[in-house]
Structures are given as structure tokens and as C-alpha cells.
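Counting starts at 1 for both ligands and their atoms, following the listed order. Quick note: residue numbers are just sequence positions, from 1.
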Amino acid sequence: MNVFTTAAALHAWSVAQKRDGHTVALVPTMGYLHEGHLSFIREARRHCSKVAVSIFVNPTQFAPNEDYDAYPHKEEDDIALCEAEGADAVFLPQPAEMYPEDASTWVEETVLSKGYCGAQRPIHFRGVCTVVAKLFNIAAPDVAVFGQKDFQQVAVIRRMVRDLNFPIQIIRAPIIRDEDGLAKSSRNTYLSPDARKAALSLSKALFAAKAAVEAGERDAATLEAMIRTTTTAEGWIPDYVNVVDSETLMPLKTVHPGNAAILLACRREGLRLIDNVLL
Ligand code: PAF
């Protein structure tokens, strides 16, 4: 497996793979890899003959009050995990490689990125779109894999890819959960044992709402109220709970199964978790 630290080296590798008749998939990550990321590598392999994983904690998607400096790192382990999973290349740039000191260009999606997490984190998706656009230009992938756990992120990136004509297929890989239902996240490491236990109320509430839809419930307000009650009872304060159109992210009043999702973000003890379920 190749480990690249410069954009030029990854780009040259990708171009050479394509010249040799391969297709290239990119799995963008911020490292601290867990089973969810490894499932993205496997998903990438189903679509392409070569898989590159980027590991970069992107400073521009963190506001000054967020956890950029504390974001967990374990680069050596991450490289070993990528290798064990059969990745062909890892891209591990330093911030200066990605952002020249006088960088002054942003990529911003202006509609889907504004609500939900975007309302709480106003500069977040501008940073995500900018770094993902850069990674797409550097790695020139045919396919890129992102996790469903960041549902809004995938919708925003799909919109960016459509609007800016990136010739890249975006795959939304399913959420990987711990056995008890908690969606895997690098930030779960911040949870105290009590908060970890109480966090199960998020997935429990989402699964109960999905079951209610399967049993015939169609009223979005009823489903949202069910979820708020369950999560609040465990000390999680919802930032938002919304039944939405799964592509446009527009809030729905009535659920249309097959084309809807429930998105939620909750806070407790200074921590914020997100989760979602497709209906
Ligand atoms: O989902 C993430 O880990 C990040 O937002 C991404 C897509 C790697 C961009 O930094």
C-alpha cells in the first residue's frame, strides 16, 4: 500500500492507475478509523479496482469553539487498518499541503447546507465542500464513498457534485452501529459511561419511529414528538428532530416511505451526537 503526503504524488498515482485501466474510489475520512470507515473501504472496493483513503482532520470545517485541537488521532493504527482492509493508497497530508497560507477560495453549497447541522455550525459545510472538492481534484476518483451517518453531508456533497459537474459517483454507505444500536462515530470516545448508556435513546427513538411508520403512522409531527420524548427522558436535548425528504432535505408534514428520512442531533454534557434513519 502506498502512503502519500503530497497532493502531487496522490494525483500522479491516480492518473497512472487509470492509464493502466483501473477505476479509482476515494474514501475521505478524518482518521481515528472505526468499523464504519472500514465498511466504506469495502464498499469502495465493490465499485472500483483501486481504493484510496484520505486521512485529514480538516481545520476549515471546525469553528473556533469546536474540537479541532482535541480531535482524536491515531495515524499509525489508521494506516495499518487501511492496509489490512486492502486499500491501495492512503493520503495523509499536513494542513499546509492542503491550504496555502494565503488560500482565499471557498466552495459553498447555499441551500441544503443551511438547516439542521448547518444552522448550529454555520461554517461547517463550507469547509467540508472546500476540502472535498480539493480531494476530488487531487485524487480524481471515479467513485467516492461517504457514510449515511452524516446524512446532510452526503446530500450537500451530492448537490455540489451535480452543480459543479464533478464526474464522480457518490455512494452513501449504510450506518454501522455498535451491537446495542449506537451509531459508530470517532467522537463516541468523548462519551462518559453514563452519556454512552443514555445515548442509546437516540437510535432507540429512531427505530421506534421507523416501526411506527411501518405500522402505518404518516404524521411527521407525531413521529418527531415521539423521538423528542424518548431522547429528552435520557437527558439529551434535541437540537433538531425532523422528518425530511431524503434528497432535498425539505421538512415533510406527511411521510412518504421510500423517499424520507428522520434526522436528529442531540446535546448532553457539552457533547453533540447525530443519527438518522431512512424510512
Ligand atoms: O465526514 C468526514 O469525516 C469529513 O467531513 C470529510 C468528508 C472527510 C471532510 O473532511
Relative to the ring of His34, is the ring of His37 parallel (under 30°), tilted (30 to 60°) or perpendicular (over 60°)?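 Because their plane-to-plane angle lies in the 30° to 60° range, the rings of His37 and His34 count as tilted.
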Indicate the ring-plane relationship of Phe166 and Phe136, choosing parallel, tilted or perpendicular according to the 30° and 60° boundaries.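 Ring orientation of Phe166 relative to Phe136: perpendicular.
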Please check if any side-chain donor atom of Asn58 sits under 3.5 Å from a side-chain acceptor atom of Tyr71, or the reverse.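 Tyr71 and Asn58 do not have a side-chain donor-acceptor pair below 3.5 Å.
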So what's ligand 1 close to, N/O to N/O, under 3.5 Å?
{"from": "ligand 1", "atom 1": "1 (O)", "to": "Gln153", "atom 2": "NE2", "distance (Å)": "2.8"}
{"from": "ligand 1", "atom 1": "5 (O)", "to": "Gln61", "atom 2": "NE2", "distance (Å)": "3.0"}
{"from": "ligand 1", "atom 1": "5 (O)", "to": "Gln153", "atom 2": "OE1", "distance (Å)": "2.7"}
{"from": "ligand 1", "atom 1": "10 (O)", "to": "Gln61", "atom 2": "OE1", "distance (Å)": "2.7"}

Check salt bridge (Lys or Arg N to Asp or Glu O under 4.0 Å) between Arg158 and all other residues, then give those that pass, not counting sequence neighbours.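 Residues passing salt bridge (Lys or Arg N to Asp or Glu O under 4.0 Å) with Arg158: none at all.
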Looking only at heavy atoms, what is the nearest atom pair of Tyr116 and Leu249, with distance?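 The answer is OH-O, 2.6 Å.
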With Asn276, the side chain to side chain contact (heavy atoms under 4.5 Å, CB included) member among Ile175, Leu264, Ile262: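 Running side chain to side chain contact (heavy atoms under 4.5 Å, CB included) over Ile175, Leu264, Ile262 with Asn276 returns exactly one hit, Ile175.
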